[in-house]
A.B. asks: 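Sharing a structure with you now.
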2 protein chains.
Amino acid sequence: MPRAEREQQMMAVAEEVFAERGYVATSVDDIAERCGVSKPMIYEYFGSKEGLLVACIRQARTELAKATTESVIGAQSAEDALRRGLVAFFEFTDTHRRAWSLMLRSEAAVAGPAAAAEIEALRQEQVEIDVALFRSFLPDAPEVELEASAHVVVGACERLSLWYVSRDDVTAEQAADHIMRALWTGMQSLVRD
Amino acid sequence: MPRAEREQQMMAVAEEVFAERGYVATSVDDIAERCGVSKPMIYEYFGSKEGLLVACIRQARTELAKATTESVIGAQSAEDALRRGLVAFFEFTDTHRRAWSLMLRSEAAVAGPAAAAEIEALRQEQVEIDVALFRSFLPDAPEVELEASAHVVVGACERLSLWYVSRDDVTAEQAADHIMRALWTGMQSLVRD
DNA sequence: CAAGTAACCTACTCCGAGTAAGCTTGACCC
DNA sequence: GGGTCAAGCTTACTCGGAGTAGGTTACTTG
């Protein structure tokens with residue numbers, strides 16, 4: 001099997017088994033065996049067990065960034081952009097449940113500094129997107145308020161995503177709606193302080 | 001040294017070194033050596049490395065529950081109660097930075113199922129407190145809305161707490177105020193849906 | 001066909017979690 | 001005093017998993 005294909009297989013298997021049994025409880029030998037190869041191949045391609053996890057996270061991160069970026073194309077207003085971004089986010093976390101719970105339940109911090117940095121980068125990316133968005137419709141709000149609000153939204157989304165994937169009766173649209181209702185009015189009031 | 005005292009010492013050392021170098025990168029031998037004893041003593045008292053982490057988390061969880069519970073005594077309204085609870089929460093995360101980052105950056109999920117369950121219990125506790133509070137002033141709102149809102153608040157608090165402990169210019173009161181401004185109006189609007 | 005390289009293997013080393021078995025010191029009882 | 005029991009502690013292991021050294025096979029390319 002060519003390298004690129006084998007790497008994808010390894011990442012898919014790793015994502016599945018890490019999410020299922022946890023990072024610590026999973027041995028590299030396990031993953032290798034499920035792929036039908038031996039352990040040194042994984043070290044050849046990913047350098048370390050943590051490197052394999054980082055690759056999984058990075059791939060998911062790239063896909064999330066792509067999905068949310070594309071979703072806001074053609075938005076009619078800041079509110080519309082925020083809502084579209086939220087829907088895309090919740091859809092992503094729903095279709096990539098394994099990768100997402102991997103990030104959040106987060107084996108990452110425990111796995112090592114590189115994996116932890118990858119997760120922090122993901123959050124920082126989301127925070128920056130939100131700050132930019134808020135600034136666009138609240139140009140007079142102080143920077144510290146925008147940043148705090150962005151962290152509030154990012155945290156709210158993280159938790160709500162984990163909650164709603166555990167419920168079959170809540171859709172991505174409803175989750176996005178909920179964040180909008182809960183936060184939108186408050187966000188707008190920031191400019192009055 | 002008597003057992004109770006030794007246990008406290010071990011937990012203090014573990015909290016420090018886990019938060020500093022990470023759970024995986026820390027060996028039980030390290031912790032034992034810093035305590036001036038040998039490894040089997042830790043196994044005698046805590047059963048496993050994960051057991052030691054669970055003990056640290058549980059202690060912090062108990063303290064947090066105590067602090068937030070006490071803070072709302074004598075509150076004049078639901079809004080006052082929520083604000084007092086938030087301030088107590090942010091003060092806790094500030095004074096117990098090590099324990100808090102231990103929980104959230106969360107070595108826990110990686111450490112094993114018992115530690116992960118401990119963290120989930122902590123979040124569930126917070127969610128239930130919030131649901132009860134919201135119900136008290138929004139008796140007509142559907143249960144699913146209350147629960148979703150509680151997850152939003154818990155997630156927002158988690159993220160904001162990690163952000164604000166990294167900034168010296170933000171106080172617990174300001175962080176609590178921020179959550180109140182961002183969320184309070186939206187919360188109240190839920191009843192109109 | 002020779003040479004190189006991609007994909008793969010077996011067979012290790014080493015470290016850290018967890019354990020077996022026993023030592024020491026002091027309290028308490030007769 | 002001596003016997004006994006327990007708490008606190010130790011040394012000296014086992015065992016499993018991360019990571020590595022070095023070699024083999026097979027396909028491509030000059």
Side-chain angles (χ1 to χ4, degrees), chain A residues 1-57 102 107-116 118, chain B residues 1-57 102 106-118:
Chain A
M1 195 181 289
R3 175 165 184 155
E5 197 178 328
R6 184 66 84 188
E7 280 177 348
Q8 284 302 316
Q9 181 203 19
M10 286 169 174
M11 285 161 66
V13 169
E15 195 177 293
E16 179 178 340
V17 68
F18 281 159
E20 187 182 313
R21 302 213 298 263
Y23 177 83
V24 168
T26 302
S27 77
V28 178
D29 274 315
D30 281 348
I31 298 170
E33 196 181 346
R34 288 205 192 195
C35 292
V37 297
S38 66
K39 188 165 56 168
M41 288 309 298
I42 292 180
Y43 285 89
E44 175 70 22
Y45 292 161
F46 297 98
S48 68
K49 187 182 179 184
E50 187 187 3
L52 177 56
L53 177 61
V54 166
C56 293
I57 296 171
L102 237 194
E107 326 278 322
V110 171
E118 199 62 29
Chain B
M1 193 181 291
R3 174 166 184 154
E5 197 178 328
R6 184 67 84 189
E7 281 176 347
Q8 283 303 315
Q9 181 203 19
M10 286 169 173
M11 286 162 66
V13 169
E15 196 176 293
E16 180 178 340
V17 69
F18 282 160
E20 187 182 313
R21 300 213 299 263
Y23 176 83
V24 168
T26 303
S27 77
V28 178
D29 274 316
D30 281 348
I31 298 169
E33 196 181 347
R34 287 204 194 195
C35 292
V37 297
S38 64
K39 186 165 59 167
M41 289 308 299
I42 291 180
Y43 285 88
E44 174 72 21
Y45 291 162
F46 296 98
S48 67
K49 187 183 179 185
E50 187 186 4
L52 177 56
L53 177 62
V54 167
C56 293
I57 296 171
L102 236 194
S106 143
E107 327 279 323
V110 171
E118 199 63 29

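Lettering follows sequence order; numbering is per chain, from 1.
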A.B. asks: By nearest atom, which of the nucleotides D/dG19, C/dT19, D/dT11 is closest to the B/Y43 side chain?
C.D. replies: C/dT19

A.B. asks: Tell me if the side-chain of B/K39 makes a donor-acceptor pair with the base of C/dG18, cut-off 3.5 Å, by modelled atom types.
C.D. replies: yes

A.B. asks: Would you indicate what A/P2 reaches in the nucleic acid, counting non-hydrogen atoms under 4.0 angstrom: base, sugar-phosphate, or nothing?
C.D. replies: sugar-phosphate

A.B. asks: Given atom CD of A/E44 and atom C1' of C/dC8, what is their separation to the nearest angstrom?
C.D. replies: 10 Å

A.B. asks: Taking the side chain of A/M41 as its heavy atoms from C-beta onward, which of C/dT10, C/dA7, C/dA17 lies nearest to it?
C.D. replies: C/dA7

A.B. asks: Would you mind reading off the distance between A/K49 atom NZ and D/dG16 atom P, rounded to a whole angstrom?
C.D. replies: 16 Å

A.B. asks: Would you mind reading off the distance between B/I42 atom CD1 and D/dC9 atom C1', rounded to a whole angstrom?
C.D. replies: 13 Å

A.B. asks: Tell me, do A/K39 and A/E33 make a side-chain contact under 4.5 Å, heavy atoms counted?
C.D. replies: no

A.B. asks: Could you tell me the separation between the CD atom of B/E33 and the P atom of C/dA17, rounded to a whole number of Å?
C.D. replies: 13 Å

A.B. asks: Starting at the 5' end of DNA chain D, which residue's closest nucleotide do you reach first, A/V28 or B/Y45?
C.D. replies: B/Y45

A.B. asks: For the side chain of A/K49 and the backbone of A/Y23, is there at least one donor-acceptor N/O pair under 3.5 Å apart?
C.D. replies: yes

A.B. asks: If I take atom CD in residue A/E7 and atom P in nucleotide C/dC8, what distance separates them, rounded to the nearest angstrom?
C.D. replies: 11 Å

A.B. asks: Has the side chain of A/R6 got a donor or acceptor atom that lies under 3.5 Å from a matching backbone atom of A/C35?
C.D. replies: yes

A.B. asks: The side chain of A/M1 is closest to which nucleotide in this list: C/dA17, C/dC8, D/dC9?
C.D. replies: C/dC8

A.B. asks: Is any side-chain nitrogen or oxygen of A/R6 closer than 4.0 Å to OP1 or OP2 of C/dA6?
C.D. replies: no

A.B. asks: Can you tell which of C/dA11, D/dG19, D/dT10 lies closest to the side chain of A/P40?
C.D. replies: C/dA11

A.B. asks: Quick check: do A/F46 and A/L53 have side-chain heavy atoms less than 4.5 Å from each other?
C.D. replies: no

A.B. asks: In whole angstrom, give the distance that lies between atom CE of B/M10 and atom P of D/dG8.
C.D. replies: 10 Å

A.B. asks: What's the separation between atom CE in B/M10 and atom CE in B/M1, rounded to the nearest 0.5 Å?
C.D. replies: 9.0 Å

A.B. asks: When the distance from CG of A/L52 to P of D/dG17 is rounded to whole Å, what number comes out?
C.D. replies: 16 Å

A.B. asks: Expressed as a whole number of angstroms, how long is the span from B/E50:CD to C/dG16:C1'?
C.D. replies: 16 Å

A.B. asks: Would you classify A/F46 as touching base, sugar-phosphate or nothing, given that sugar-phosphate means primed atoms plus P, OP1 and OP2, and contacts are heavy atoms under 4.0 Å?
C.D. replies: nothing

A.B. asks: Assign A/S27 to base, sugar-phosphate, or nothing according to its heavy-atom contacts below 4.0 angstrom with the strands shown.
C.D. replies: sugar-phosphate

